[in-house]
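In what follows, a structure is listed as structure tokens, so that the remarks can point back to it.
In this text, all values refer to a predicted model and were calculated from it rather than measured experimentally. Throughout, a chain's letter reflects where its sequence line sits, starting with A, and its residues are numbered from 1. These numbers come from the heavy atoms of this one structure, side chains and all, not from hydrogens, waters or symmetry mates.
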2 protein chains.
Amino acid sequence: MIITIEADKANSDIMGSSKTYHNPTEATLDRIGGKWKTAILCLLAEQGALRNGEMMRALSPITQKMLSQQLKELEADGLILRTVFPEVPAKVVYELTKNGWSLRTVLDPLCEWGKRFVHTDKPEQNHGHQP
Amino acid sequence: MIITIEADKANSDIMGSSKTYHNPTEATLDRIGGKWKTAILCLLAEQGALRNGEMMRALSPITQKMLSQQLKELEADGLILRTVFPEVPAKVVYELTKNGWSLRTVLDPLCEWGKRFVHTDKPEQNHGHQP
DNA sequence: CGGAATCCTCGAGGATACTG
DNA sequence: CAGTATCCTCGAGGATTCCG
């Protein structure tokens, strides 16, 4: 069901953790609306745990700064988990949290709807991941 | 299903009408990612056809400029229909197109997921609209 | 390897005033 | 009533360089 704040209550803005939204959808977009966030989330949903370098390659032409930044924000929002293995050289792995996985209900339609504008002739690919 | 472009094909970007996306979700966000677009779309989905003034009030504190601009873009993307009634004074009505309605599969989850961050104590409201 | 620190630009979004 | 037309700001996003 679609929820929109009633007209007469629209002025009393809705508060999310210290931010003001006029609509619940803004709360979601505030978390996944970054330039690379949906790409990152979809990638992790597909591939499971990934390292920095792997994501850099998969998300090319993303820059290291943007990847780090977006990952940090996603982590702060509790959507992904960052694990550091104290090896030499350092090894860092990122994966979705439970909350991150819950986003599939959003990412899925977002992806499906967008595919109609993507003229690709390559056959659809099904990398299985948790149902 | 979540679709992400494969790593080795990520460089050959996907083309939407004259724009470049790295992921199908970007195509969707490109159309609904404007500051007020989801609010506008949800509002029209709920209320049906609405006039400029009605939307101004419902979306307060939106400005006239932003409303016009976002509506124009949504119309250009074929998501809403603008109808002018040649009366005096002028009367303009906006409503969702078929394509706009198809966005409910996206807006719905977007809204549902976001509600968890919206601490509202008012009971959920069910304005019925087409199933 | 996996970052952090700087610097810069460019355009989305807002305030304000005018118009048919 | 339903818009344009201007002007301005401010921060997301990108390029580049350094670090443990």
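- For residues 62-76 of chain A, proximity to DNA chain D is found at A:Thr63, A:Lys65, A:Met66, A:Gln70, defined as any non-hydrogen atom under 4.0 angstrom from a strand atom.
- Atom CG in A:Asp30 sits roughly 19 Å away from atom P in C:dA12 (whole-Å rounding).
- Rounding to the nearest 0.5 angstrom, the gap separating the CZ atom in B:Arg104 from the CG atom in B:Asp108 is 5.5 Å.
- Distance check, rounded to the nearest 0.5 Å: CD of B:Glu26 to CH2 of A:Trp36 gives 6.5 Å.
- No contact: A:Phe85 has no heavy atom under 4.0 Å from any strand.
- Rounded to whole Å, atom C1' of C:dG2 lies 13 Å from atom CD of A:Glu87.
- In this structure, the separation between CG on B:Leu74 and CD on B:Gln69 is 10.5 Å, given to the nearest 0.5 Å.
- Rounded to an integer number of Å, the gap from A:Leu29 CG to C:dA12 C1' is 15 Å.
- When only modelled atom types and interatomic distance are considered, A:Arg31 and A:Asn99 share no side-chain donor-acceptor pair under 3.5 Å.
- For B:Leu50 and D:dC1, the CG to P distance is 15 Å, given to the nearest whole Å.
- To the nearest angstrom, P of D:dG3 lies 10 Å from CE of B:Met55.
- Distance A:Ile32 CD1 to D:dA12 C1': 17 Å, rounded to the nearest Å.
- Nearer the 5' end of DNA chain C, as judged by each residue's closest nucleotide, is the contact made by A:Ala90, out of A:Ala90 and B:Lys35.
- Taking 4.0 angstrom as the limit, B:Asn52 places none of its side-chain polar atoms (N or O) nearer than this to OP1 or OP2 of D:dC1.
- Each of B:Arg51 and A:Trp36 has a nearest nucleotide on DNA chain D; the 5'-most of these lies closest to B:Arg51.
- Using a 4.5 Å heavy-atom threshold, the side chains of A:Tyr94 and A:Leu50 count as separate.
- For the pair A:Arg51 and A:Phe85, the NZ or CZ position fails the cation-pi test of under 6.0 Å to the six-membered ring centre and within 45 degrees of the ring normal.
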